[in-house]
Engineer: 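Would you mind keeping the following structure in view while I ask a few things?
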Amino acid sequence: MPVSSLERARSLLRQFNPSHRFAELAENTEIPATLRHDLARIDPNLLEKIFRQFQAEQKTPLPKILPLTQRLERLETGRWFGFSRKAEAYIASGKLGLLLLAGGMGSRLGHDLPKGTFPIAPVSGKSLFQIHFEKLCRLWKHYGNPLPLFVMTSRVTHEETVEYLAQNRYFGYPASSITIFPQGEMPALCAEDGTLFLASPQRLFFGPDGHGGLISALLEHGMYERMKSLGVETLQTFHVDNPLVPVGQEQLVDFHLRAESEMTSVAVEKMEPLERVGNLVQREDGRVCVVEYLDFPESLAVQRDAAGKLLFWAGSIGIHLIQVDFLRRMALQMREKDDFLPFHVPLKKITTVDGELFAIKPERFIFDLLPYARNPVVVEASREEVFTTLKKEPEPVREDLSRLYRSWFSRAGVSVPQEGWVEISPRDALCQDDLRRLREKGENIPWLWKKRGEM
């Protein structure tokens, strides 16, 4: 006789005993419909595997890893276009799609909205979303066709992101080229016994399943079929909180195509041994992989060579080019075997009916695909030109943006004040070469300036 949804919910409540003091729910004649719905979403066998993994990782040392030894290509971000006819044709034909990861909230910034809506441009106050979308408008102008854009949100950011972008008319980018979908979620687990938590008396606590969740989310929401219908063969993935991402940069695409790679990642030199970025390293078998900073031993992180340079210098900044067929193949593997791609099990602060506490938040990371990819490529870039990330304080990001813009003006021979903040719209220039071309044509260069810190 099939088990009813109510009996299954009771069984799970007994097994996972959410928040302990709500165990009596398991014996009630009625369980709130919202809680029954949440319980129907969980896979108890997977959760037990994840908890056992968490317990084992407290005792299991990291497998032997080595610094990167392969020769890396160097990204020249002073130019965006004109590197390769092959890459230019590939992008212009719509074979490159863009995937913007926008699942985070701006809570740590005192901004109770999706992080992408946070005003970050140093002079104009444009939001992260606007900066990214204006870059896409510049690419559209250059190639004559808009590149397909996919935006992955989370449950907590989805509706507000959809509304915000629509209200702002997608900052001039065509809505027909934009697809927005939410990522999946995973329940948090108690680190002591693997039980669940309640977010409210009638809801389980769930959190986003990490940026690696995009692999399954694309399958769940029919995105692989949509990409195939649009002719998209390669995705560039990037995070909304980095306004310096080299979106659709031809040389990066050319490196990926020439190597016939299934996955290409961008690396920058770490600022300090324990910087909170992934660590690009090599395994003993020579395969490239990324070790998340939480899992990276300090004893390795601090090692330096004779010249004083960090041995493990390569930081992963969440910028990847990935073949769509490869992503789909991995998604099907994950559907067949739920632990094919590992879950990371950090302890993070969550808010439950019992208040704030630390819990296991299972997450998958997209960079864990690297060892499975054919012909993986790592490209080194200058961090000043491709990476700044908005976490807790906006001022350092504004300084980084203004510093980069000022360097463009200087190299292009355009005089701007040396004090204060400067800015130029991505619609007008993506790099110093764009500025140089504008100057050579005698066109007006619409730059902005104001005193530092003035809002």
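Everything quoted here is computed from the prediction, not taken from an experiment.
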Engineer: Going from CG on N145 to CG on L139, what distance comes out if it is rounded to the nearest 0.5 angstrom?
Structural biologist: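 Taking CG in N145 and CG in L139, the distance rounds to 12.0 Å.
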Engineer: Using 0.5 Å steps for rounding, measure from the CG atom of L147 to the NZ atom of K95.
Structural biologist: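 Rounded to the nearest 0.5 Å, the CG-NZ separation comes to 13.5 Å.
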Engineer: For residues 150-169, which residue pairs pass the salt bridge (Lys or Arg N to Asp or Glu O under 4.0 Å) check, not counting sequence neighbours?
Structural biologist: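 Only R155-E185 qualify under salt bridge (Lys or Arg N to Asp or Glu O under 4.0 Å).
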Engineer: Working note: K391 + D241, criterion salt bridge (Lys or Arg N to Asp or Glu O under 4.0 Å); need CA distance, chi angles, decisive distance, verdict.
Structural biologist: CA-CA 8 Å; K391 297 300 182 187; D241 59 5; 3.1 Å; yes
Engineer: Within a reach of under 6.0 Å around CZ of R328, are more than 12 heavy atoms found that belong to other residues, nucleotides or ligands?
Structural biologist: no
Engineer: Could you walk me through whether H320 and F367 pass the ring-ring contact (aromatic ring centres under 6.0 Å, His included) test, one step at a time?
Structural biologist: CA-CA 8 Å; H320 310 283; F367 54 62; 7.3 Å; no
Engineer: Could you check whether any side-chain N or O of S402 sits under 3.5 Å from a backbone N or O of E399, counting only pairs where one atom can act as donor and the other as acceptor?
Structural biologist: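 Flag not set: sc S402 to bb E399 has no pair under 3.5 Å.
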Engineer: Could you go through the side-chain hydrogen bond (donor to acceptor under 3.5 Å, both in side chains) check for E384 and S382 one step at a time?
Structural biologist: CA-CA 5 Å; E384 293 79 10; S382 168; 2.8 Å; yes
Engineer: Look at atom NZ of K141 and say whether more than 12 heavy atoms of other residues, nucleotides or ligands are closer to it than 6.0 Å.
Structural biologist: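 No, the 6.0 Å shell around NZ holds no more than 12 heavy atoms from other groups.
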Engineer: Are the side chain of K115 and the backbone N or O of L390 linked by a donor-acceptor pair below 3.5 Å?
Structural biologist: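 Yes, K115 side chain to L390 backbone: donor-acceptor pair under 3.5 Å.
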Engineer: Given 3.5 Å as the limit, does a donor-acceptor pair link the side chain of W80 with the main chain of V247, or not?
Structural biologist: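 Answer holds: yes.
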Engineer: In terms of relative ring orientation, are F296 and F312 parallel, tilted or perpendicular, with 30° and 60° separating the classes?
Structural biologist: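 Correct class here is perpendicular.
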Engineer: Could you state the interatomic distance from SG (C137) to CG (L430), rounded to the nearest 0.5 Å?
Structural biologist: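 Interatomic distance, C137 SG to L430 CG, rounded to 0.5 Å: 10.5 Å.
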Engineer: What distance separates T264 OG1 from I322 CD1, expressed to the nearest 0.5 Å?
Structural biologist: 9.5 Å
Engineer: Dump the intermediate steps for salt bridge (Lys or Arg N to Asp or Glu O under 4.0 Å) on E262 and R374, then the final yes or no.
Structural biologist: CA-CA 5 Å; E262 287 187 321; R374 288 194 294 266; 2.8 Å; yes
Engineer: Thinking salt bridges, do D338 and K49 make one under a 4.0 Å N-O criterion?
Structural biologist: yes
Engineer: Test the R41-F206 pair against the cation-pi criterion, namely NZ or CZ under 6.0 angstrom from the six-membered ring centroid and within 45° of the ring axis.
Structural biologist: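 Judged by the rule, R41 and F206 form a cation-pi pair.
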Engineer: Mind listing the closest non-hydrogen atom pair of P376 and S261 along with its distance?
Structural biologist: CA-OG, 3.7 Å
Engineer: Output yes when a side-chain donor or acceptor of T157 lies under 3.5 Å from a complementary backbone atom of A102, and no otherwise.
Structural biologist: yes
Engineer: If you take all heavy atoms of P342 and D368, which pair is closest and at what distance?
Structural biologist: CG-OD2, 3.9 Å
Engineer: Taking all non-hydrogen atoms of both residues, which atom of P346 and which atom of L294 are closest, and how far apart?
Structural biologist: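 Closest heavy-atom pair between P346 and L294: CB-CD1, 3.7 Å.
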Engineer: Starting at CD1 of I360, measure out to CD of E192 and round the result to the nearest 0.5 Å.
Structural biologist: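 That separation rounds to 10.0 Å.
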Engineer: So H211 and H239, would you call those rings parallel, tilted or perpendicular, with 30° and 60° as cut-offs?
Structural biologist: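 Correct class here is perpendicular.
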Engineer: What's the verdict on salt bridge (Lys or Arg N to Asp or Glu O under 4.0 Å) for K126 and E134, showing C-alpha distance, side-chain angles and the deciding distance?
Structural biologist: CA-CA 10 Å; K126 292 174 181 176; E134 289 192 359; 2.9 Å; yes
Engineer: For D325, is the CG atom crowded, meaning more than 12 foreign heavy atoms sit under 6.0 Å from it?
Structural biologist: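 Open.
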Engineer: Measure up the Y173 and F133 rings against each other and bin them: parallel (under 30°), tilted (30 to 60°), perpendicular (over 60°).
Structural biologist: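 Perpendicular.
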Engineer: Are K228 and E225 close enough, and set up right, to give a salt bridge (Lys or Arg N to Asp or Glu O under 4.0 Å), and what steps lead you there?
Structural biologist: CA-CA 5 Å; K228 184 175 181 180; E225 289 76 13; over 6 Å; no
Engineer: Does T117 reach the main-chain N or O of P114 with its side chain, forming a donor-acceptor pair under 3.5 Å?
Structural biologist: yes
Engineer: Could you check L244, N242, D400 and say which one makes a side chain to side chain contact (heavy atoms under 4.5 Å, CB included) with F387?
Structural biologist: N242
Engineer: Is it the case that more than 12 heavy atoms not belonging to R276 sit under 6.0 Å from its CZ atom?
Structural biologist: no
Engineer: Just to verify, what does R52 make a salt bridge (Lys or Arg N to Asp or Glu O under 4.0 Å) with, not counting sequence neighbours?
Structural biologist: none
Engineer: Over all heavy atoms of both residues, which pair between L109 and F118 is shortest? Give the atoms and the distance, please.
Structural biologist: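 L109 and F118 have their closest heavy atoms at CB-CE1, 3.9 Å.
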Engineer: Is the distance between the ring centroids of Y372 and F340 under 6.0 Å?
Structural biologist: yes
Engineer: Which of parallel (below 30°), tilted (30 to 60°) and perpendicular (above 60°) describes F181 and H221?
Structural biologist: tilted
Engineer: Determine whether a donor-acceptor pair (N or O, by modelled atom type, separation under 3.5 Å) exists between the side chain of S177 and the backbone of P148.
Structural biologist: no
Engineer: Counting only N and O atoms by type, is there a donor-acceptor contact under 3.5 Å from the side chain of N168 to the main-chain atoms of F171?
Structural biologist: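 Side chain of N168 to backbone of F171, a donor-acceptor pair under 3.5 Å: no, none is there.
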Engineer: Is D285 salt-bridged to R283, cutoff N-O under 4.0 Å?
Structural biologist: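 Looking at D285 and R283, the cut-off is met.
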Engineer: Is the backbone of F343 close enough, under 3.5 Å, to the side chain of R364 for a donor and an acceptor to pair up by distance?
Structural biologist: no
Engineer: Working to the nearest 0.5 Å, report the span between CD1 of I350 and CG of L357.
Structural biologist: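 Output value for this atom pair is 5.0 Å.
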Engineer: Any donor-acceptor pair under 3.5 Å linking the side chain of Q183 with the backbone of S154?
Structural biologist: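 Judged by distance alone, no pair lies under 3.5 Å.
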Engineer: Is the shortest distance from a Lys or Arg side-chain nitrogen in R383 or E275 to a carboxylate oxygen in the other one below 4.0 Å?
Structural biologist: yes
Engineer: Which pair of non-hydrogen atoms, one from L96 and one from I91, has the smallest distance, and what is that distance?
Structural biologist: CD2-CG1, 4.0 Å
Engineer: Of all the heavy-atom pairs spanning G210 and E363, show the shortest one and how long it is.
Structural biologist: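 Scanning both residues completely, I find the closest heavy atoms to be CA-CB, 4.0 Å.
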Engineer: Would the distance check show the side chain of K361 and the main-chain N or O of P187 forming a donor-acceptor pair, the cut-off being under 3.5 Å?
Structural biologist: no
